[in-house]
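Predicted, not measured: the structure shown is a model, and the values here were computed from it. Chain naming here is simple, since letters A, B, ... match the order of the sequence lines and numbering starts at 1 in each.
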Protein chains: 2
Amino acid sequence: MAVNAANAVGKRRSLLHETRCQNCSLSSLCLPLALELEDIEQFDAIIRRRAPLKKGESLFRQGNAFNSVFAVRSGSLKQVTTEGSGDDQVTNFYLPSELVGLDGIDEQAYPGSVIALETTTVCEIPFDRLDSLSEQLPELRGQLYRSMSKELRDDRRMMRLLSRKTADQRLASFFSSLSDRFRRRGYSPYSFRLSMSRADIGNYLGLAVETVSRILGRFQQQELVEVSGREVNILNLEALLAQAQEEH
Amino acid sequence: MAVNAANAVGKRRSLLHETRCQNCSLSSLCLPLALELEDIEQFDAIIRRRAPLKKGESLFRQGNAFNSVFAVRSGSLKQVTTEGSGDDQVTNFYLPSELVGLDGIDEQAYPGSVIALETTTVCEIPFDRLDSLSEQLPELRGQLYRSMSKELRDDRRMMRLLSRKTADQRLASFFSSLSDRFRRRGYSPYSFRLSMSRADIGNYLGLAVETVSRILGRFQQQELVEVSGREVNILNLEALLAQAQEEH
DNA sequence: TCACCTCCTTGACCGGGATCATTGAGGTAT
DNA sequence: ATACCTCAATGATCCCGGTCAAGGAGGTGA
């Protein structure tokens with residue numbers, strides 16, 4: 001018992017240290033992006049630390065009351081919306097520094113479940129506190145507007161992908177986009193591990209799993225990528241980008 | 001000349017009268033939704049009146065610098081994004097009270113052109129003024145967050161439509177959604193005029209024009225709707241809704 | 001009134017990707 | 001090891017909706 005208490009204290013301390021915005025390697029991408037050091041402290045003060053989620057655990061479930069948005073700190077998640085009986089739709093993947101839950105503001109409930117694809121840590125940001133802080137900090141407010149606006153833009157891009165692109169182009173886009181997101185986060189844009197299954201990818205891109213498999217095979221023959229299970233090696237990023245943007 | 005000047009004054013006066021938020025029949029749907037009367041006046045003060053757009057004229061073009069968001073006052077518009085050479089994509093239709101341009105905040109440029117589908121009037125809301133006003137008026141800020149959040153949610157719904165629904169379901173959804181939007185605005189949910197062409201509808205829904213035509217034909221045979229040119233009569237809204245939501 | 005648009009409808013055909021079915025491969029508990 | 005399970009790859013078949021082609025239909029200007 002005494003040991004447990006000591007552990008708990010030690011754990012809390014290191015957790016606090018690890019998770020202060022001031023020390024966070026993601027701060028140049030995350031919400032506090034535009035803030036001065038002293039403002040970051042204010043922002044930091046409203047953030048709640050969360051125990052890491054294990055693979056498959058949900059951050060929240062569809063329909064849960066909306067209270068907070070979350071910034072991904074490490075790991076990754078998927079957003080899944082269920083309509084009717086068992087017809088799931090993966091509507092987003094979230095990587096570190098990205099904001100989860102913004103689409104719940106309007107109806108004060110989350111419109112989809114968000115599920116960890118691997119061990120994942122997030123920062124919880126109670127929305128009412130964020131809102132009132134954004135009253136005092138115009139930069140924070142601006143950053144919040146920008147985050148939502150960017151998500152809108154990304155959504156439009158996704159719609160274009162879903163309504164106009166072939167299966168090949170969809171996968172090429174998907175890998176290009178992942179590559180770019182990893183690059184921005186300081187990881188290798190050429191070599192990474194997919195945290196989502198083929199089924200998730202297919203569902204997200206509006207394709208059958210079989211199609212995903214087949215096209216990955218084709219991409220390997222064309223020596224665009226090298227895929228082994230969930231390990232991805234991009235061999236020819238330019239060609240992949242070209243594929244992705246090709247006219248029909 | 002004198003006559004013209006008199007006309008101009010008269011016109012301006014009536015325009016002012018017509019377009020004050022306090023008198024606007026849309027205020028219960030529009031941005032000032034949550035505001036007290038005196039706050040509405042503040043909000044009203046930052047709004048710029050615009051000359052009506054004629055059919056086919058653009059409110060702004062893709063790539064134009066972002067300065068304002070716009071609230072539709074009457075008429076309707078489409079948002080079109082062009083990528084590469086000539087490959088247009090209709091990403092949205094806007095009806096009265098809806099906000100246009102929110103997806104331009106992030107990159108300070110509009111990601112698509114917005115074009116009037118008929119004679120259309122809009123209220124221009126300079127974003128920097130809106131932002132600073134939102135600092136003083138928490139309700140306005142909340143409403144702005146909600147608007148963006150709602151658009152995110154609608155986008156997710158659209159993605160689901162594009163990636164999982166059959167052509168029939170897409171058109172059923174489209175008509176249901178239009179019907180609902182008209183109802184909320186106090187128009188008949190059963191009988192309305194489409195301001196967009198079949199080509200626009202097809203493009204928006206990710207379908208060929210021919211498919212749109214054929215399915216409209218089928219819907220008429222099934223006595224779900226009655227369509228003559230752009231006049232629509234919904235005969236069986238329940239069945240249409242059922243179609244739209246059907247599992248696969 | 002006629003020619004000329006643009007928009008819409010309808011028919012015939014074809015292909016990309018879904019679906020169904022089987023096999024392989026990796027991971028884990030017994 | 002073995003059995004079991006989930007995930008991925010591959011083959012065979014089918015069908016929805018795209019594409020191509022050819023008319024209507026309505027609107028507009030000379």
Participant: Looking at B:Thr211, does any N or O in its side chain come under 4.0 Å of the phosphate oxygens OP1/OP2 on D:dG18?
Facilitator: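 Yes, because at least one side-chain N or O of B:Thr211 sits under 4.0 Å from OP1 or OP2 of D:dG18.
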Participant: Pick out which of A:Arg218, A:Gln243, A:Gln222 makes a side chain to side chain donor-acceptor pair (under 3.5 Å) with A:Asp168.
Facilitator: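 By the side chain to side chain donor-acceptor pair (under 3.5 Å) criterion, A:Asp168 pairs with just one of A:Arg218, A:Gln243, A:Gln222: A:Arg218.
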Participant: Heavy-atom nearest nucleotide on DNA chain C for B:Met196 versus A:Ala167: which residue maps closer to 5'?
Facilitator: B:Met196
Participant: Just how far, in rounded Å, is C1' of D:dA9 from CG of A:Leu216?
Facilitator: 10 Å
Participant: What contact category does B:Ser213 fall into here, base, sugar-phosphate, or nothing, at under 4.0 angstrom with non-hydrogen atoms?
Facilitator: base
Participant: Starting at CG of A:Leu161 and ending at C1' of C:dG17, how long is that distance when rounded to a whole Å?
Facilitator: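 About 15 Å, once rounded to whole Å.
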Participant: Are any of the side-chain nitrogens in B:Glu83 or A:Arg157 under 4.0 Å away from the carboxylate oxygens of its partner?
Facilitator: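 Salt bridge flag = no for A:Arg157 with B:Glu83.
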Participant: Measure from CG on A:Leu171 to P on D:dA9 and round the result to the nearest Å.
Facilitator: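 Those two atoms, CG and P, are 11 Å apart.
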Participant: Contact class for A:Gly202 (heavy atom, under 4.0 Å): base, sugar-phosphate, or nothing?
Facilitator: nothing
Participant: Hey, is the side chain of B:Glu210 pairing donor to acceptor with the base of C:dC8 inside 3.5 Å?
Facilitator: no
Participant: When the distance from CZ of A:Arg198 to P of C:dA25 is rounded to whole Å, what number comes out?
Facilitator: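 Nearest whole value for this atom pair: 15 Å.
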Participant: Between B:Arg164 (CZ) and C:dG17 (P), how many Å, whole number?
Facilitator: 16 Å
Participant: Determine whether the side chains of B:Gln79 and B:Thr91 contain a donor N or O and an acceptor N or O closer than 3.5 Å.
Facilitator: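 There is such a pair (donor and acceptor under 3.5 Å, judged by atom type) between the side chains of B:Gln79 and B:Thr91.
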Participant: Within this structure, what is the CG-to-P distance between B:Leu205 and D:dG17, rounded to whole angstrom?
Facilitator: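 Taking CG of B:Leu205 and P of D:dG17, I get 12 Å after rounding.
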Participant: Round to the nearest Å and state the distance from A:Leu207 atom CG to C:dT19 atom C1'.
Facilitator: 14 Å
Participant: Please tell me if the side chains of A:Val90 and A:Val80 come closer than 4.5 Å, counting only heavy atoms from C-beta onward.
Facilitator: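 They are in contact (side-chain heavy atoms under 4.5 Å apart), so the answer is yes.
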Participant: Are B:Gln62 and B:Thr81 close enough that a side-chain donor and a side-chain acceptor fall under 3.5 Å?
Facilitator: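 No, no side-chain donor-acceptor pair sits under 3.5 Å.
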Participant: Less than 3.5 Å between a donor and an acceptor, one on the side chain of A:Arg214 and one on the base of C:dT19, is that the case here?
Facilitator: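 Side chain to base: pair found, below 3.5 Å.
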Participant: Would a line drawn from the ring center of A:Phe219 to the ring center of A:Phe175 be shorter than 6.0 Å?
Facilitator: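 They do not qualify: ring centres at least 6.0 Å apart.
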Participant: May I have the distance from B:Gln221 (atom CD) to C:dT10 (atom P), rounded to whole angstrom?
Facilitator: 9 Å
Participant: Dot-bracket, 5' to 3', for DNA chain C please: Watson-Crick or G-U pairs under 3.5 Å, [ ] where pairs cross earlier ones, | where the partner sits on another strand, dots elsewhere.
Facilitator: ||||||||||||||||||||||||||||||
Participant: Could one point to a donor on the side chain of B:Arg230 or the base of C:dT6 with an acceptor on the other under 3.5 Å away?
Facilitator: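 No, no donor-acceptor pair under 3.5 Å.
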Participant: Could you tell me whether A:Tyr187 and A:Phe192 have their ring centroids closer than 6.0 angstrom?
Facilitator: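 Between A:Phe192 and A:Tyr187, which both carry aromatic rings, the centre distance is not below 6.0 Å.
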